[in-house]
Amino acid sequence: MKLNERKVRLAELILRCLVCALALVAAVLIVTDTQVREIFTIQKKAKYTDMKALVFLVVVNGMAAAYSLVHAVRCVVGMMKGSVLFSKPLAWAIFSGDQAIAYLTVAGLAAAAQSAAFAKLGQPELQWMKICTMYGKFCNQVGEGIGVALLASVGMVLISCISALGVFRLYGGNKAWQSSASRW
């Protein structure tokens with residue numbers, strides 16, 4: 001493998017490991033977050049399942065962590081074998097999977113951020129109160145989870161850019177790549 005190819009593969013491996021770890025941390029931060037508040041002798045427990053956007057974010061981060069782990073193993077095996085991705089169908093499958101996970105992480109993050117904004121700021125026109133004034137610890141930990149999920153989402157977008165590079169490299173003008181790619 002060329003030196004540039006090794007650098008790209010190493011960057012992909014590092015990003016996939018980071019996304020796996022960050023997505024897992026984000027999911028754990030949100031899932032383990034609870035706070036009990038007593039209101040007129042009634043105890044109300046705030047948990048992530050009370051907001052469906054947080055449930056979606058946890059599921060998406062779990063998917064991203066598992067997907068990144070599987071592809072990190074694929075990257076390690078590919079680096080150990082020294083093989084370069086030449087199969088167009090495999091390159092397109094990896095690219096499509098990376099795109100799908102990147103879009104899902106961005107969508108989950110957007111939904112959770114919108115719900116968190118409602119919880120923090122309320123919506124006076126609809127008479128929705130500021131929940132974070134009552135459940136401060138819960139909101140702070142959810143905010144931390146959303147922040148970590150943002151980093152995982154950015155990492156997933158960068159990974160999808162690297163996989164796009166891998167796909168488009170198969171169609172590029174480099175004769176060495178084209179002759180190898182035509183064997184699929």
Side-chain angles (χ1 to χ4, degrees), residues 5-35 46-79 85 90-123 128 130-132 135-170:
E5 180 66 28
R6 284 181 192 251
K7 288 180 182 179
V8 169
R9 289 184 144 230
L10 183 61
E12 180 183 3
L13 176 63
I14 290 169
L15 276 172
R16 287 195 188 275
C17 290
L18 277 173
V19 166
C20 181
L22 290 170
L24 195 59
V25 167
V28 167
L29 275 172
I30 293 170
V31 168
T32 60
D33 189 17
T34 60
Q35 184 177 356
K47 52 191 180 290
Y48 83 102
T49 54
D50 295 336
M51 296 176 74
K52 298 308 175 201
L54 292 180
V55 173
F56 180 60
L57 183 64
V58 166
V59 169
V60 166
N61 277 312
M63 289 171 52
Y67 180 82
S68 294
L69 180 64
V70 167
H71 280 283
V73 170
R74 179 194 57 82
C75 287
V76 169
V77 169
M79 288 174 77
L85 181 66
L90 180 60
W92 276 104
I94 292 169
F95 173 67
S96 298
D98 288 346
Q99 287 287 308
I101 296 295
Y103 284 131
L104 282 172
T105 58
V106 170
L109 183 65
Q114 179 64 46
S115 292
F118 280 134
K120 179 78 174 168
L121 305 172
Q123 186 69 27
W128 292 351
K130 299 176 183 178
I131 300 300
C132 287
Y135 297 100
K137 178 204 159 285
F138 177 79
C139 287
N140 287 339
Q141 190 166 335
V142 165
E144 292 167 2
I146 290 173
V148 175
L150 173 66
L151 296 175
S153 183
V154 167
M156 203 59 227
V157 169
L158 291 174
I159 287 171
S160 72
C161 291
I162 290 174
S163 65
L165 175 70
V167 167
F168 299 132
R169 194 181 285 172
L170 293 175

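No experiment lies behind these values; they were computed from the predicted model shown.
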* Asked: What orientation do H71 and Y67 show, parallel under 30°, tilted 30 to 60°, or perpendicular over 60°?
  -> tilted
* Asked: When rounded to the nearest 0.5 angstrom, what is the spacing between SG in C20 and CG in N61?
  -> 11.0 Å
* How far does CG of L109 sit from CG of L104, to the nearest 0.5 angstrom? -> 12.0 Å
* **Summary of salt bridge (charged side-chain N to carboxylate O under 4.0 Å, His left out) pairs that have at least one residue in residues 137-156, sequence neighbours excluded** => D33-K137
* Side chains of L150 and I146: closer than 4.5 Å at any heavy-atom pair? -> no
* To do: Hey, could you give me each pair passing disulfide bond (SG atoms under 2.5 Å apart) that has a residue in residues 135-165? Not counting sequence neighbours.
  => C132-C139
* To do: Taking all heavy atoms of G155 and all of V19, pick out the closest pair and write down the distance.
  => C-CG2, 3.6 Å
* Structure fact -> Which of V60, L18, D98, L15 passes side chain to side chain contact (heavy atoms under 4.5 Å, CB included) with M156? It is D98
* Asked: Taking all non-hydrogen atoms of both residues, which atom of R16 and which atom of S68 are closest, and how far apart?
  -> O-CB, 3.4 Å
* Structure fact -> Here the gap from I162 atom CD1 to F95 atom CZ, rounded to the nearest 0.5 Å, amounts to 12.5 Å
* Heavy-atom pair with the smallest gap, counting every atom of A64 and A23 -> CB-CB, 4.3 Å
* Roughly how far, to the nearest 0.5 Å, is the OG1 atom of T105 from the CE atom of M63? -> 10.0 Å
* Do side-chain atoms of S160 reach the backbone of V157 as a donor and acceptor pair under 3.5 angstrom? -> yes
* Asked: Does some side-chain heavy atom of V167 sit less than 4.5 Å from a side-chain heavy atom of W92?
  -> yes
* Supply the atom-to-atom distance I101 CD1 to S96 OG, rounded to the nearest 0.5 angstrom. => 11.5 Å
* Structure fact -> So OG of S115 and NZ of K52: to nearest 0.5 Å the spacing works out to 11.5 Å
* Hey, is CZ on F56 packed in by over 12 heavy atoms from elsewhere, all under 6.0 Å? -> yes
* To do: Specify the closest pair of heavy atoms between L54 and A112, including all atoms of both residues, with the distance to one decimal.
  => CD2-CB, 4.1 Å
